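Before any comments, here is the structure.
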There are 2 protein chains.
Amino acid sequence: MQSKYPAGRLPDPPSPIADDGDETHFCGTCAFSSACIAAGYHKPELAALQCLVEHVGPFRAGEHIFRTGDPFRAIFAVRSGTVKTRMVDKEGREQVLGFYLPGEVIGLNAIYPEHFPCDAVALDTTFFCRFSFPAMSALASRVPAVQQHLFRMLSKELGTASLLAGDHSADERVAAFLLDLAGRYAARGFSATRFHLSMSRGDIANYLRLAAETVSRVLSRFRAQKLISIEGRELELLNPARLREIGQTLLRE
Amino acid sequence: MQSKYPAGRLPDPPSPIADDGDETHFCGTCAFSSACIAAGYHKPELAALQCLVEHVGPFRAGEHIFRTGDPFRAIFAVRSGTVKTRMVDKEGREQVLGFYLPGEVIGLNAIYPEHFPCDAVALDTTFFCRFSFPAMSALASRVPAVQQHLFRMLSKELGTASLLAGDHSADERVAAFLLDLAGRYAARGFSATRFHLSMSRGDIANYLRLAAETVSRVLSRFRAQKLISIEGRELELLNPARLREIGQTLLRE
DNA sequence: GGCGGCAATTGACCCGGATCAAGGCACGCC
DNA sequence: GGCGTGCCTTGATCCGGGTCAATTGCCGCC
């Protein structure tokens with residue numbers, strides 16, 4: 001297995017979300033799957049999709065996939081691993097914008113400004129499908145399914161962006177965050193009740209606009225109430241229904 | 001002037017942002033202008049844009065342009081007036097998602113769910129250009145400029161959606177809000193230092209995730225510091241530079 | 001004119017979560 | 001081993017903004 005990686009870049013121990021060893025299975029769970037496969041993998045137009053996609057990686061934890069200000073040329077679908085996007089203001093304070101799991105796509109917010117407005121940082125060892133955006137646009141003009149797919153992905157991200165905007169308590173935010181992750185894992189075929197948190201408490205807190213201490217306290221409280229079992233970054237949801245009650249105002253407003 | 005409106009629907013007194021009397025000038029400031037005009041108004045493909053657009057209105061203050069759950073068929077460019085979009089949770093609490101000024105477009109976040117995920121409510125008398133989305137998609141397939149325009153508008157809205165996500169003080173939020181409005185008015189050719197706030201203090205507060213009382217207090221403080229002049233909903237920015245300092249972490253993170 | 005309703009303002013009080021600080025735990029490195 | 005370094009947890013304190021409440025001003029309407 002390891003021989004497929006460049007020397008000196010040993011991969012992390014295989015994680016439950018990594019799936020780069022099984023390409024077709026990955027593609028089945030990817031956000032582009034309907035464009036790549038379902039809509040007719042064999043049509044000549046869609047063969048073009050195979051040409052404009054490029055497999056990149058591995059990136060190790062902490063490495064940048066792109067940086068603020070980089071010229072926008074491509075969007076990236078996560079094949080395995082986890083990514084955070086963030087902005088850093090001039091005082092150096094970090095602002096986490098989102099986490100991206102296998103099958104999800106980063107870079108869409110760079111289309112308008114034509115430069116990436118944020119950093120993308122790997123949280124563990126990650127691989128990507130890189131889609132040249134000019135080529136993708138051109139393909140979208142010829143294949144309505146691809147165009148529609150892009151519209152839908154963009155519109156979908158608009159919906160999720162407004163999620164953490166509300167003024168909600170720390171409990172609501174954390175509960176909703178855990179359930180959101182669970183749902184996204186489930187949508188890609190992974191366990192919805194047991195998974196690994198690739199991000200630190202600090203990243204979670206930053207994303208949820210809380211202090212790291214508050215996240216820690218809420219998780220401790222949830223554990224005491226037997227809502228979750230958590231040890232380090234290994235999480236199990238013991239009472240998803242109750243968590244849903246707590247976070248529901250935030251999940252579907 | 002009034003004779004052009006249906007009986008019983010007297011318009012509000014002409015507002016500085018209304019411009020429906022001068023169609024070509026409006027189009028020059030609209031978010032679709034490059035698609036409608038600049039990219040070649042006379043090409044046969046673009047004549048189609050004129051066919052799929054429909055002028056609708058007037059809507060009076062408080063009337064809905066669309067409601068949560070309505071099937072998505074079209075997007076709307078504001079021709080004159082102001083709109084707020086909002087979600088209402090099951091407890092009946094309102095969540096303001098955004099305000100839209102003349103030249104801006106509402107409804108993009110409905111593409112993915114195929115139903116409007118929010119309400120759009122007129123804040124004063126408003127007129128729209130209604131663009132059938134299926135027709136627009138079809139046109140986008142044939143005219144790359146239209147497709148690119150849609151991608152850019154969607155991506156742009158992604159950027160603004162993440163603006164109010166940060167944890168910022170009430171002063172920062174209000175200052176950034178006022179400057180954001182000023183910039184958007186300026187982008188459409190209106191005064192950047194004097195304008196009318198079409199929305200109530202409660203709407204502003206809700207949008208900024210503050211209490212109405214807090215917004216009121218901040219505005220009073222800004223007035224005492226000679227940063228603004230405000231009387232009711234008539235606003236003048238007296239010291240935009242200082243406001244920019246206050247709100248800068250939020251404006252460009 | 002007087003009344004009622006709504007938006008806005010202002011003051012008094014309180015609470016949730018930030019901040020500060022201390023300690024524990026697991027890891028890699030010399 | 002001993003030590004440093006992150007990351008996480010837990011406790012003590014503080015403050016910004018929410019909440020409650022009273023007042024004012026503005027309109028529309030009877």
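Predicted model, so just to flag it, every value in this text is computed and none were measured. Per chain, numbering begins at 1; letters A, B, ... match sequence-line order. Only heavy atoms go into these numbers, but all of them, side chains included; no hydrogens, no water, no symmetry mates.
Proximity of the aromatic rings of Phe127(A) and Phe59(A) is defined here by a centroid distance below 6.0 angstrom, and this criterion is not met.
OP1 or OP2 of dA18(C) lies within a sub-4.0 Å distance of a side-chain N or O belonging to Thr214(A). For the pair Arg217(B) and dT10(C), the criterion of a side-chain N or O lying under 4.0 Å from OP1 or OP2 is not met.
Taking atom CG on Asp124(A) and atom C1' on dC7(D), their separation rounds to 17 Å, with Å as the unit. Between the CG atom of Leu123(B) and the C1' atom of dA7(C) there is a distance of 15 Å, rounded to whole Å. Ile230(B) places its CD1 atom 9 Å from the P atom of dA8(C), with the value rounded to the nearest Å. In this structure, CG of Leu219(B) is placed 13 Å from C1' of dA7(C), rounded to the nearest angstrom. Between the CD atom of Glu213(B) and the C1' atom of dG18(D) there is a distance of 8 Å, given to the nearest Å. When the C1' atom of dT9(C) is taken as reference, atom CG of Leu197(B) falls 16 Å away, rounded to whole Å. Atom CZ of Arg209(A) and atom P of dG17(D) are 17 Å apart (whole Å). Atom CG of Leu235(B) is separated from atom P of dA8(C) by 13 Å (rounded to the nearest Å).
Comparing dC7(D), dA7(C), dG17(D) against the side chain of Arg233(A) picks out dC7(D) as the nearest. Comparing dT10(C), dG17(D), dT10(D) by their closest approach to the side chain of Ser220(A) singles out dT10(D). With distances taken from any side-chain atom of Leu210(A) to the nucleotides dA18(C), dC20(C), dC8(D), the minimum falls on dA18(C).
For the pair Gly107(B) and Phe72(B), the tightest heavy-atom approach, listed with the atom from each and the gap, is O-CE1, 3.6 Å. Smallest separation of non-hydrogen atoms from Glu104(B) and Phe99(B): OE1-O, 3.9 Å.
Within the 4.0 angstrom heavy-atom criterion, no nucleotide atom of any strand lies near Arg173(B). Using a 4.0 Å heavy-atom distance criterion, Ser200(B) is classed as a sugar-phosphate-only contact. Counting non-hydrogen atoms under 4.0 angstrom, Ala211(A) reaches a base of the nucleic acid. Using a 4.0 Å heavy-atom cutoff across all strands shown, Arg221(A) reaches no nucleic acid atom at all.
Arg233(B) pairs by the salt bridge (charged side-chain N to carboxylate O under 4.0 Å, His left out) definition with nothing, not counting sequence neighbours.
At a cut-off of 3.5 angstrom, the base of dC8(D) holds no donor-acceptor pair with the side chain of Glu231(A).
Ring-plane geometry between Phe190(B) and Tyr185(B) is classed as perpendicular, the angle between the planes exceeding 60 degrees on a 0 to 90 degree scale with a lower cut at 30.
Looking at which nucleotide of DNA chain D each of Arg223(A) and Asp167(A) is closest to, the 5′-most match is held by Arg223(A).
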